Amino acid sequence: MSMRTYVTWAEMITGFARSGDSVSARRFFDQVPTELKNVVTWTVMVDGYCSNGQMEMAREVFEAMPRRNFFVWSSMICGYCKIGDVEEAKAIFDRIPVRNLVNWNSMIAGYAQNGFCQEALKAFGNMQAQGFEPDEFTVVSVLSACAQSGLLDVGKDIHNMLSHKRIKLNQIVLNALVDMYAKCGDLINARLIFEEMTERNSACWNAMISSMAVHGQCKEALELFCRMEKSNEKPDEITFLSVLSACAHGGLVDEGMEVFSKMQKKYGLEAGIKHYGCLVDLLGRAGRLREAYALVKSMPMKPNDMVWGAMLGACRIYMDMEITEQVAEDISTLNSSIQSGNNSHYVLLSNIYAASDRWEKAERTRIEMENEGFQKIPAHSAFMPCGA
DNA sequence: ATAGGGTTAG
């Protein structure tokens, strides 16, 4: 087609990349006639790789670009953050000759999403020091950093800043505020904002429900869930995780079991491994170890580390050596810890044995770990005499 | 090009 412009090519490349087909996107990119190959076609190709998490390919094309715009820098930063490589994202950020607000927002969001809360807050300060005014995107990420690290005072400062900077209180900003107050333990203010909201989506309900569970208000969390059921916002998978966790914390076993079956029967949501993990935790904490273990053995999917962790946690609380032995056997036959590179349940197992004065068993668990090539093995557990 | 909600253990 002779009428093709660079826009047409860019749309083709983006279309394939968005559907996850980087290979076809690249094929079109390579066919763009030289006279139409401009900064936009390069950028959409890089962005395509970034959104598919193919950062090595993204990097290759990015480095070959003759010119770069604001967009491509942000794509690279977000791409690296999405695969958890914050250091590489920062290296890209440092290379930007002239930064814009979105570049800053992308970096701050990347920090916050990967748990680098101090860095997020620092970058937020630097950004303002360089004369940038924060917008909705900025404050949402910074509020999330405060929520994760429990910095209520900083969170309140941001809240105050919202009106001064004329930042719009859209749904996402309000949700971030609710989440910040709730996670920081200020349930009064969280509730205040929550109740004043005219529209509440599931993220909002979930933030409130899960925080109430964390802060011990389990009955209230369940009440809120009932209210949500009557609202026009349907509970989703995350809602059920939050509610099941509330039941586990409050020892509300029957309620939890009911919620679990309601999730499938009434709402047609399929229980995932995380829901099973919650249920194992719920039964386990309540001392119903045999039911918990039966559930682990009958789950439709392979138990993961979380499930074993919940199971072992319950074994430790109730010192049930019989079930512990069975779990130990399951773990060593399934070797699930090797796949995930997580040796925490070996440590848990070791703790349980140690606590029940079965030192030889504890020793054997350690030797097993050593044989399987784990490098660093804790010298002693919380239950063992320290200062060896 | 950028933003919000989730399970376990200590």
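All values reported here derive from a predicted model rather than from experimental measurement.
- Between A:Arg200 and the phosphate of B:dG5, there is no side-chain N or O to OP1/OP2 separation shorter than 4.0 Å.
- Closest approach to the A:Cys78 side chain among B:dT2, B:dA1, B:dT8 is made by B:dT2 (side chain taken as heavy atoms from C-beta onward).
- At a threshold of 4.0 Å, the pair A:Arg227-A:Glu223 does not count as salt-bridged, since none of the basic side-chain nitrogens sits closer than that to a carboxylate oxygen.
- Closest to the A:Leu241 side chain, of the nucleotides B:dT2, B:dA1, B:dG6, is B:dG6.
- A:Ile193 places its CD1 atom 15 Å from the C1' atom of B:dG5, with the value rounded to the nearest Å.
- Of all the residues in residues 145-171 of chain A, A:Asn170, A:Gln171 reach under 4.0 Å from DNA chain B with at least one non-hydrogen atom.
- Looking at A:Asn114, its side chain never comes within 3.5 Å of a backbone N or O of A:Phe116 through a donor-acceptor pair.
- When rounded to the nearest whole Å, the span between CG of A:Asn304 and P of B:dG6 equals 18 Å.
- Ring-plane geometry between A:Phe93 and A:Trp104 is classed as perpendicular, the angle between the planes exceeding 60 degrees on a 0 to 90 degree scale with a lower cut at 30.
- Side-chain contact annotation: A:Ser242 with A:Asn206, donor-acceptor N/O pair under 3.5 Å absent.
- Nucleic acid contact class of A:Lys82 (heavy atoms, under 4.0 Å, all strands): none.
- With no hydrogens or angles considered, a side-chain donor-acceptor pair links A:Asp186 and A:Asn189 at under 3.5 Å.
- Residues A:Val102 and A:Met127 fall into different hydrophobic clusters, defined by Ile, Leu, Val, Met, Phe, Trp and Tyr side chains chained together at heavy-atom separations under 4.5 Å.
- Distances were taken from every side-chain heavy atom of A:Ser75 (C-beta onward) to each of B:dT8, B:dG5, B:dA1; the shortest belongs to B:dA1.
- Side chain to side chain, A:Asp135 and A:Thr138 meet the donor-acceptor criterion of an N or O pair below 3.5 Å.
- Residue-level contact check: A:Asn201 touches the bases, meaning some heavy atom is under 4.0 Å from a base atom.
- Between A:Phe225 atom CZ and B:dG5 atom P the separation is 20 Å, expressed in whole Å.
- Taking atom CZ of A:Phe93 as the reference point, atom P of B:dA1 lies 19 Å away to the nearest angstrom.
- In this structure, A:His275 does not reach the B:dG6 phosphate: none of its side-chain N or O atoms is under 4.0 Å from OP1 or OP2.
- With B:dG5, B:dA3, B:dG6 as the choices, the nucleotide that has an atom nearest any side-chain atom of A:Ser202 turns out to be B:dG5.
- At the heavy-atom level, A:Ala109 lies under 4.0 Å from the strands shown only through sugar-phosphate atoms.
- Of the candidates B:dT2, B:dA1, B:dG5, the closest approach to any side-chain atom of A:Asn105 belongs to B:dT2.
- Side-chain proximity of A:Glu136 to B:dT7, B:dA3, B:dG5: nearest is B:dA3.
- Side-chain contact check for A:Tyr49 and A:Arg26: at least one donor-acceptor pair (N or O, by modelled atom type) lies under 3.5 Å.
- Per the geometry, CG belonging to A:Asn103 stands 13 Å off P belonging to B:dA3, to the nearest Å.
- Put simply, the side chain of A:Asn100 and the base of B:dA1 share a donor and an acceptor less than 3.5 Å apart.
- In the set B:dA3, B:dA1, B:dT7, the nucleotide with an atom closest to the side chain of A:Val140 is B:dA3.
- Here B:dA9 presents its P atom at 11 Å from CG of A:Leu282, a figure rounded to the nearest Å.
- Using modelled atom types and a 3.5 Å distance limit, the side chains of A:Tyr267 and A:Glu229 yield a donor-acceptor pair.
- Nearest to the side-chain atoms of A:Ile238 among the listed nucleotides B:dG6, B:dT7, B:dA3 stands B:dG6.
- Spacing between atom CG of A:Leu244 and atom C1' of B:dG6 amounts to 11 Å, rounded to whole angstrom units.
- Picking from B:dG5, B:dA1, B:dT2 the nucleotide with the shortest atom distance to the side chain of A:Asp179 gives B:dG5.
- In this structure, of B:dA3, B:dG5, B:dG6, it is B:dG5 that holds the atom nearest to the side chain of A:Asp236.
- What separates CZ of A:Arg316 from C1' of B:dA9 is a distance of 7 Å, to the nearest Å.
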